Amino acid sequence: ATPAEWQQRSIYQLVTDRFATSNGSSPSCDTEDRIYCGGTWQGVINELDYIQYMGFDAIWISPIVANLEGSTGDGYSYHGYWTVNQNALNEHFGTESDLQSLATALHDRGMYLMVDVVVNHMAANTLPPDYSTFTPFNSEADFHTFCWITDYSNQTNVEQCWLGDDSVPLADCDTEDDAVVDFFYNWIGELQSNYSVDGFRVDTVKHIRKDFWPDFQTNAGVYAVGEIFDGDVSYVAPYTEVIDGVLDYPTYYQLTYAFESTSGSLQNLVDVIQSAQSAYSTQLFQVGTFLENQDNPRFQSITTDQGLVKNAMAWPFIADGIPILYYGQEQGYTGANDPYNREALWLSGYEEDKPLVQHVRLLNAARKAAIAASSSFLSTPVTFPLVGTNTLAVSKYPLLSLLTNVGASGTPAWDVSSTNYSSGTELIDVLTCTTYTAGSGGSVSVTGSEGAPVILLPTSAFNTSYCEELVGTNSTSSS
Ligand code: ABC
Ligand code: CA
């Protein structure tokens, strides 16, 4: 699928080993053990109803190729990032036909498959590695000369030295070598066609020279979003010129800081968004926007204030990029750093009747309604008609999102003096189905409750059958 097609999507990121088992069993899974817990591609197929119920129409799964077997000082390779054989699948996750069935099951539902890929390195359990264990790069000459990455301000060091540690050195592929490069260009195209992949998430993009990526992207033939793990817009932005999209790490950091406490800075969030809007240029609408992932502490390991949580979770769905939600966030998981942030989802039973599951469902519904109501929604950059100490209004017509970090014990109030709504337009808060009426100049005045965000759309643009499911009442006020 193309970047334009992906822009309309919303992505559920899952760790294959931790999402669902083939037979629906619920084995114990202590994240600290760093072992394979039993999740499979067949398991994912079994639980697609759950993902689709929340309104997602794409999933991102863990890397699929064969990994280092057995125990290491850093645990087992249950996450899938420790490739040893580029040409074989990871049997812990299933067979070739299981993976093809997953693609088919998704496509039958109109959903997309995004596969995570790693081309920067291969993994060993000795230093130096036993290169004969690798396929196809079975010789030392296929890799950069060993050195650890020690200096993130030195781009050559970042690109040509090794990630990992003494327990699991990540042998850095010699992506300056034509044979290595040609292999990967061919490999990515075959992976795409063998498994009917709709998009790729590309690991460690900042660890390979920029000019490797355009031809890799072309050979992939579908949308690819790259991981550039860095909080600085000026560092990340140049990568938007070599790959379809980037994971928006700069926004991730400011989003977290803005809502992690009642004293977070909303202005700093506004500032990073505005600098991304100019620096990401034409790719602004195809970056991946996220609050959690497998490498960072879950938001609820920082704060469990449900007002703050609901605001932070709303951001990816109301902003300029493609929303990505990391599995388990909707179940309120609280795991901190790797490996604690990789809890088994089966332990919470895929329950739909939970506040954050409903929150996500409504956020997806709001975004989809905005897309359907306005052909320019996806190409309208967000603006900020109100930036206060604890309140923020985010406009992306026809969506107007009122955010706050007052926290669950606070009562937020927003007075937005002008919006793109015409006077008299009836608006509905998608999260509560409370209605409001825009005043002169499109002004909107809203008093919220329990520190929750208010996500407004013209009532005419929203399918109010969602409201019938909501517990609570529909009250009306005007401004
Ligand atoms: C294993 C163990 C861990 C143990 C670790 C040392 O080894 O499981 O418990 O702590 C995979 C596995 C991991 C595993 C690693 C290493 O392999 O998932 O569990 O950790 O064996 C990608 C993937 C990630 C994956 C790999 C490897 C790469 O998303 O899941 O990890 O294929 C760097 C890379 C980035 C990589 C990340 C883990 O490490 O760039 O591609 N992610 C700074 C650097 C970043 C660096 C980051 C974290 O630290 O600039 O390049 O990411 O180490 C901001 C700055 C940032 C800064 C952050 C910390 O602060 O702006 O630049 O990031 O303010
Ligand atoms: Ca490299």
Side-chain angles (χ1 to χ4, degrees), residues 13 15-18 31-36 60-63 65 67-68 71-84 116-125 127 137 142-177 180-181 184 201-210 212-213 225-236 239 246-257 268 272 288 290 292-297 324 326 335-342:
Q13 179 199 351
V15 172
T16 304
D17 181 60
R18 302 295 164 86
T31 51
E32 198 162 35
D33 294 342
R34 299 192 277 198
I35 58 172
Y36 279 98
W60 150 12
I61 63 172
S62 304
V65 298
N67 272 226
L68 198 58
S71 181
T72 74
D74 291 333
Y76 289 74
S77 192
Y78 68 91
H79 43 69
Y81 291 97
W82 293 342
T83 309
V84 294
D116 206 328
V117 290
V118 186
V119 298
N120 178 64
H121 49 256
M122 296 181 69
N125 53 12
L127 186 62
F137 307 125
D142 295 321
F143 297 87
H144 288 129
T145 305
F146 168 72
C147 49
W148 292 125
I149 295 174
T150 51
D151 181 5
Y152 272 100
S153 66
N154 175 342
Q155 191 57 28
T156 307
N157 182 264
V158 170
E159 290 172 6
Q160 300 188 13
C161 290
W162 297 21
L163 285 163
D165 56 26
D166 288 311
S167 300
V168 182
L170 300 177
D172 201 70
C173 298
D174 185 359
T175 46
E176 271 63 31
D177 179 271
V180 171
V181 169
F184 280 126
R201 180 270 188 187
V202 187
D203 196 62
T204 36
V205 163
K206 72 188 234 188
H207 297 281
I208 297 183
R209 63 194 162 89
K210 290 192 183 68
F212 169 86
W213 295 111
V225 60
E227 180 215 17
I228 296 97
F229 195 139
D230 197 291
D232 184 351
V233 172
S234 65
Y235 184 88
V236 174
Y239 289 93
V246 298
L247 292 171
D248 193 359
Y249 259 105
T251 295
Y252 156 76
Y253 283 109
Q254 297 310 324
L255 173 60
T256 302
Y257 300 152
N268 287 353
V272 78
F290 62 94
E292 290 186 356
N293 64 26
Q294 79 285 12
D295 289 343
N296 290 283
I324 304 175
Y326 182 55
N337 274 301
D338 170 13
Y340 303 103
N341 56 0
R342 300 163 180 196

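Keep in mind the model is a prediction, meaning the values are calculated, not measured. Side-chain atoms are counted along with the backbone in the values below, which use heavy atoms only and exclude waters and symmetry mates. Just so you know, ligand 1 is whichever comes first in the structure, and atom 1 is the first atom listed for that ligand. Starting from 1, each residue takes its place in the sequence as its number.
For the residue pair Y81/D116, the side-chain donor-acceptor check at 3.5 Å is satisfied. Between the side chains of N293 and Y249, at least one donor N or O lies within less than 3.5 Å of an accepting N or O. Side-chain atoms of Q13 and E292 include no donor-acceptor pair closer than 3.5 Å.
Note that NE2 of H79 and OG1 of T16 are 12.5 Å apart. Values are rounded to the nearest 0.5 Å.
Heavy atoms only, all atoms of each residue included: I324 and L247 are closest at CD1-CD2, 3.6 Å. Of all heavy-atom pairs spanning W162 and H144, the tightest one is NE1-O, 3.0 Å.
Among protein residues, R34, D74, H79, Y81, W82, H121, Y152, D165, R201, D203, T204, K206, H207, E227, F229, D230, G231, Y253, Q294, D295, D338, R342 come within 4.0 Å of ligand 1, judged on heavy atoms.
Remark: the backbone N or O of N125 is not paired with any side-chain donor or acceptor of T72 at under 3.5 angstrom.
Relative orientation of the F146 and W148 rings is perpendicular, given thresholds of 30° and 60° on the angle between their planes. Between F212 and F184, the ring planes lie perpendicular to each other; the angle is over 60°, past the 30° to 60° tilted range.
Protein-derived N/O/S atoms nearer than 3.0 Å to the Ca ion (ligand 2) total 5, waters excluded.
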